[in-house]
Amino acid sequence: TIRKDNGVYWFEDKGAIETTSPMTFETNTAFSVAGWVFTGPRSGEQVIASQVTRRPNPDDTRSDKLHGWTFEINGRRLSLRFYPNTRRTIEVAAPVSARAAENAWHHVAASYSGSGDNLGVALYVDGKRIDVAPADALRLIDANIKNPAPLRIGSDGRRGFAGAML
């Protein structure tokens with residue numbers, strides 16, 4: 001569920017705001033996602049925003065195959081994940097040393113240059129650019145992420161966000 005209080009949206013894990021996406025993001029198109037989030041004590045995977053579709057995974061009947069992108073905070077670390085129409089996921093994540101403080105408001109942002117590789121991704125917390133984890137060497141994002149899903153705030157259709165957003 002979601003409740004609105006003085007302009008602040010409080011998410012309780014499974015609620016989402018869905019809008020018709022004003023544009024379709026693609027791997028050769030620059031885009032940015034930003035907002036104010038209140039990170040509570042929960043440190044698991046939380047979705048800030050997404051545009052993904054799900055389909056059955058032929059390799060694992062217990063999970064779905066995603067197609068699109070998600071902007072997340074996992075263990076209080078920001079990440080931008082691309083789920084192209086191939087078998088691999090490409091994630092650019094902040095290192096453990098750049099965790100956002102819990103029980104605090106943060107301005108978070110992710111931008112993608114449209115370069116076709118993960119080096120075109122920049123992550124920001126409170127206006128400061130975060131160096132991405134060193135394990136993220138050059139990886140090509142050379143497959144399609146375009147999909148008909150709505151832009152979702154606070155969810156990817158299955159996982160949610162526990163906290164608040166402006």
Side-chain angles (χ1 to χ4, degrees), residues 1-27 29-55 63-84 89-114 118 120-133 141 145-166:
T1 58
I2 303 171
R3 66 180 167 83
K4 187 176 180 182
D5 185 18
N6 292 324
V8 176
Y9 291 93
W10 292 90
F11 292 80
E12 295 179 13
D13 195 35
K14 294 296 180 184
I17 298 170
E18 289 189 6
T19 63
T20 302
S21 180
M23 66 178 287
T24 302
F25 301 126
E26 187 50 275
T27 55
T29 305
F31 69 90
S32 297
V33 180
W36 284 93
V37 298
F38 182 83
T39 54
R42 180 178 165 191
S43 63
E45 291 186 355
Q46 298 193 74
V47 179
I48 298 168
S50 70
Q51 187 179 18
V52 293
T53 57
R54 294 179 177 278
R55 62 183 187 275
S63 68
D64 292 335
K65 179 79 174 140
L66 298 178
H67 181 217
W69 61 271
T70 59
F71 181 38
E72 305 179 17
I73 188 161
N74 303 318
R76 299 191 329 267
R77 296 172 42 215
L78 282 183
S79 70
L80 183 63
R81 290 182 182 174
F82 294 92
Y83 301 95
T89 298
I90 298 166
E91 178 180 30
V92 177
V96 173
S97 62
R99 285 185 176 168
E102 65 181 30
N103 295 316
W105 282 100
H106 298 284
H107 185 261
V108 297
S111 66
Y112 172 64
S113 68
N118 63 323
V121 174
L123 302 173
Y124 301 85
V125 175
D126 299 326
K128 180 180 171 186
R129 185 173 177 156
I130 304 298
D131 291 329
V132 296
I141 306 169
I145 63 168
K146 184 177 179 179
N147 68 72
L151 176 64
R152 292 184 182 99
I153 308 298
S155 175
D156 66 1
R158 181 161 299 160
R159 297 173 300 149
F161 183 85
M165 293 190 210
L166 283 175

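Side-chain atoms are counted along with the backbone in the values below, which use heavy atoms only and exclude waters and symmetry mates. Everything numeric here is computed off the predicted structure, so don't read it as measured data.
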If only atom types and distance count, is the side chain of Q51 paired as donor or acceptor with the main-chain N or O of A149 below 3.5 Å?
yes

On a heavy-atom basis, which atom in R81 and which in N74 lie closest, and how many Å separate them?
NH2-ND2, 3.5 Å

Has R152 got a side-chain atom pairing as donor or acceptor with V52's backbone, closer than 3.5 angstrom?
yes

So which atom in A49 and which in V33 form the shortest heavy-atom distance, rounded to 0.1 Å?
CB-CG1, 4.0 Å

So, D156 versus T70: side-chain donor-acceptor pair below 3.5 Å or not?
no

When rounded to the nearest 0.5 angstrom, what is the spacing between CD1 in I130 and CG in L78?
7.5 Å

Qualifying residue, where the test is ring-ring contact (aromatic ring centres under 6.0 Å, His included) with F38 and the options are W105, Y9, F11
W105

Main-chain N/O of S155 paired with S50 side-chain donor or acceptor, under 3.5 Å:
yes

State, to 0.1 Å, how close A162 and Q46 come at their nearest heavy-atom pair, and which atoms those are.
N-OE1, 2.6 Å

Tell me whether H107 contacts the main-chain N or O of G127 through its side chain, where contact means a donor paired with an acceptor under 3.5 Å.
no

Ignoring hydrogens and angles, tell me if any N or O in the side chain of N147 forms a donor-acceptor pair with the backbone of I145 under 3.5 Å.
yes

Counting C-beta onward and ignoring hydrogens, is there a side-chain heavy-atom pair between N118 and F82 closer than 4.5 Å?
no

Distance-minimising heavy-atom pair for H106 and V125
ND1-CG1, 4.1 Å

Is the gap between the ring centers of W69 and Y112 under 6.0 Å?
no

Between L66 and T89, is any pair of side-chain heavy atoms under 4.5 Å apart?
no

Compare every heavy atom of A110 with every heavy atom of L123, then report the nearest pair and how far apart it is.
CD2-CB, 3.8 Å

Which heavy atom of A93 sits nearest to which heavy atom of R77, and what is that distance?
CB-NH2, 3.5 Å

Between OG1 of T53 and NZ of K146, what distance do you get to the nearest 0.5 Å?
13.0 Å

Given side chains that start at C-beta, do those of V47 and F161 come closer than 4.5 Å, heavy atoms only?
no

